[in-house]
S.K.: 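Once you've had a glance at the structure underneath, I'll fire off some questions.
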Amino acid sequence: MNELIQEFVKAQELHNGYFLAQTISPVPPQQDPDRLRTVWQSTNAHSVKGDIKNLVKTRTSRRIRLDNDLVNGWVAVYESYWKAVGVILAGEGGKSSWTEVYEAWKNLTSNLIRGYNSFGFEAWTIPSLYMVGKYLRLFAIKSDDERKRNSTDLAGAASLMQDDFEADSEQQAQLRDCEQHLKRIFTLCLNDRAPLEESRKWGIYFIINLLFKTYFKLNAASLSKTILKTLAAYNEKGDMPPLDCFPKAQRVTFKYYEGVLCFLEENYVQAEKHLMDAWSLCHTDANANLEKILTYLIPCKLLTSHVLPTKKLLKPFPRLQALFLPLARCIRRGDLRAFDIALQKGEEEFVKRRIYLTLERGRDIALRNLLRKVFIAGGFIDPPEEGATPVRRTRVPVAEFRAAICMGSGGDKIDSDEVECLLANMIYKDLMKGYISRERGIVVLSKKGAFPGTGL
């Protein structure tokens, strides 16, 4: 405990929030793997509060001045940290559960929040909030997993006696509880009225990102909208530091989730914008986030700008190559049958990544490319005047499109009415410009931009 408090005093002296946060980490530093056990064995439950208070006063008296409120606040934090360390070590020996670890860490979180509300903890210490918030979420997930495993036998027995037993009703109870505490930290940072240069608002994006991760884990991504609306209101008032002033890692994560939320709302244009922002921030780094960003960026580009992924782009990501390149090849060739097979083959992974329904729309792009081939194959009509620029044939018989669609569908027979319906949908979706003349059995295409986004 003596060494821990020495580091606390050094962090206070330097006003180094990240150094301070390491003093309440549940993971020992690499250079001192026995740190947690040393801290735990340095005192006992009867003496811990007095020992910490004495060490803080003794170590700070010669180097820095902390008023009584600050001393009392930090003593409460380190006392609850000491207790949490004991539960973590007991867990390593099989004598405590992840639920007990979560409860002990939640107590530490509450004491730290109380330090800002009641004891005047300064804004430079907010990395400590990052530390407790990050591990509160991880411990909540481990606790829920543990409870789920332990309840399996009980659920099986109960189902024999009660048909409406809901075995899944509390599977994420701890994570839902964690979400409430993360929102307390969010409110703590958001409502700080200090000048921006010394405001707790500098912790807002880290906590927002934790909330996003929590909502997605809870399969309640829509709750993120409330956070974004609140943030937008503060940004409009100019009461928030600009996003560009925050650490790059926080900006990348925020933009990624902002893009995914737009993606889930089928606002692919905005989703592409946010995801491109995230990509541009980290595409030169060896960053695992790149694969996650591309997973959503590729479908967005497919539907907005019709840009297909290339082998070169996906070369560093073999898993994405296996998922997207077969689809891209089918779309490029206009091979409807092969597209359906590729989509079906990757269905499980696409559903898991929440992109299946979006990729399904790629079939329209494949159909457009197939129809475009028919248009190109039609060639040019004779120019009205000698020397005039040749003009492509714009009146294409429905029968030609029908033949191409039947071939692209693997030889399936498709009647003319269904083909006309497909063509009408393509025109409605602005993937093809023109109109259908049913009386004459032709499609009259636009002389310019008959197939938007393709140069024809």
Side-chain angles (χ1 to χ4, degrees), residues 260 262-269 271-272 275 294-311 313-314 320-377 396 398-436 443 445 449-456:
V260 174
C262 289
F263 182 93
L264 296 176
E265 293 175 349
E266 300 184 4
N267 186 348
Y268 301 116
V269 174
E272 181 181 0
L275 292 167
L294 275 175
T295 297
Y296 292 95
L297 183 57
I298 289 172
C300 285
K301 283 188 169 294
L302 179 64
L303 294 179
T304 56
S305 55
H306 313 312
V307 176
L308 299 175
T310 62
K311 190 172 183 178
L313 172 67
L314 297 180
L320 294 187
Q321 268 197 3
L323 283 173
F324 290 118
L325 282 183
L327 286 175
R329 294 189 186 105
C330 298
I331 291 172
R332 191 174 285 111
R333 294 196 304 262
D335 191 336
L336 303 179
R337 176 65 175 166
F339 175 87
D340 293 339
I341 293 173
L343 187 66
Q344 184 178 14
K345 185 177 179 181
E347 180 177 356
E348 184 177 347
E349 190 66 26
F350 294 143
V351 171
K352 179 181 176 181
R353 294 173 184 246
R354 306 183 186 190
I355 58 176
Y356 178 82
L357 294 178
T358 303
L359 289 174
E360 196 175 36
R361 299 182 180 187
R363 196 176 198 276
D364 289 338
I365 311 301
L367 178 57
R368 179 209 61 184
N369 290 343
L370 178 61
L371 301 178
R372 178 175 173 269
K373 287 184 177 181
V374 176
F375 177 62
I376 293 173
V396 183
V398 172
E400 292 186 14
F401 284 133
R402 178 173 176 267
I405 293 173
C406 289
M407 291 177 62
S409 300
D412 293 343
K413 293 183 178 181
I414 303 174
D415 61 40
S416 296
D417 287 343
E418 187 176 350
V419 170
E420 288 183 6
C421 182
L422 290 172
L423 295 173
N425 281 332
M426 297 298 286
I427 294 170
Y428 174 76
K429 294 174 181 178
D430 202 30
L431 293 172
M432 186 168 74
K433 288 186 178 295
Y435 64 90
I436 301 171
V443 179
L445 295 170
F451 292 88
T454 68
L456 285 176

S.K.: I need the Leu320 CG to Thr295 OG1 distance, nearest 0.5 Å.
M.R.: 4.5 Å
S.K.: Do NZ/NE/NH1/NH2 and the carboxylate oxygens of Glu418 and Lys413 come within less than 4.0 Å?
M.R.: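 A salt bridge is absent here (no side-chain N lies under 4.0 Å from a carboxylate O).
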S.K.: Do Phe401 and Val443 touch side chain to side chain, with heavy atoms closer than 4.5 Å?
M.R.: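 Side-chain contact under 4.5 Å: yes.
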S.K.: Could you name each residue pair satisfying side-chain hydrogen bond (donor to acceptor under 3.5 Å, both in side chains) that touches residues 425-434, not counting sequence neighbours?
M.R.: Asp364-Lys429, Asp430-Lys433
S.K.: For the CZ atom of Phe324 and the CG atom of Leu302, what is their distance to the nearest 0.5 Å?
M.R.: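 Going from the CZ atom of Phe324 to the CG atom of Leu302 covers 9.0 Å.
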S.K.: Show me the donor-acceptor pairs within less than 3.5 Å that the side chains of residues 336-350 make with the rest of the protein, sequence neighbours left out.
M.R.:
residue	atom	partner	partner atom	Å
Asp340	OD1	Arg363	NE	2.9
Asp340	OD2	Arg363	NE	3.4
Asp340	OD2	Arg363	NH2	3.1
Glu349	OE2	Arg353	NE	2.8
Glu349	OE2	Arg353	NH2	3.4

S.K.: Leu264: what forms a side chain to side chain contact (heavy atoms under 4.5 Å, CB included) with it, not counting sequence neighbours?
M.R.: Phe216, Ala221, Val260, Arg354
S.K.: Could you go through the side chain to side chain donor-acceptor pair (under 3.5 Å) check for Tyr268 and Thr358 one step at a time?
M.R.: CA-CA 9 Å; Tyr268 301 116; Thr358 303; 3.1 Å; yes
S.K.: Who are the side chain to side chain contact (heavy atoms under 4.5 Å, CB included) partners of Leu325, not counting sequence neighbours?
M.R.: Lys311, Leu314, Gln321, Arg329
S.K.: A side-chain contact here means heavy atoms from C-beta on lying under 4.5 Å apart; do Glu360 and Leu357 qualify?
M.R.: yes
S.K.: How long is the gap from CG on Leu303 to CD on Glu266, to the nearest 0.5 Å?
M.R.: 9.5 Å
S.K.: What residues, two or more places apart in sequence or in another chain, satisfy side chain to side chain contact (heavy atoms under 4.5 Å, CB included) together with Arg402?
M.R.: Cys406, Ser416, Val419
S.K.: What residues, two or more places apart in sequence or in another chain, satisfy side chain to side chain contact (heavy atoms under 4.5 Å, CB included) together with Ile427?
M.R.: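 Checked Ile427 against side chain to side chain contact (heavy atoms under 4.5 Å, CB included); matches are Met432, Ile436.
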S.K.: So, do Leu431 and Pro452 sit near enough that their side-chain heavy atoms are less than 4.5 Å apart?
M.R.: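 A side-chain contact is absent here, since even the closest heavy-atom pair is not under 4.5 Å.
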S.K.: Please check this pair: side chain of Asn369 against backbone of Arg333, looking for a donor-acceptor N/O pair closer than 3.5 Å.
M.R.: no
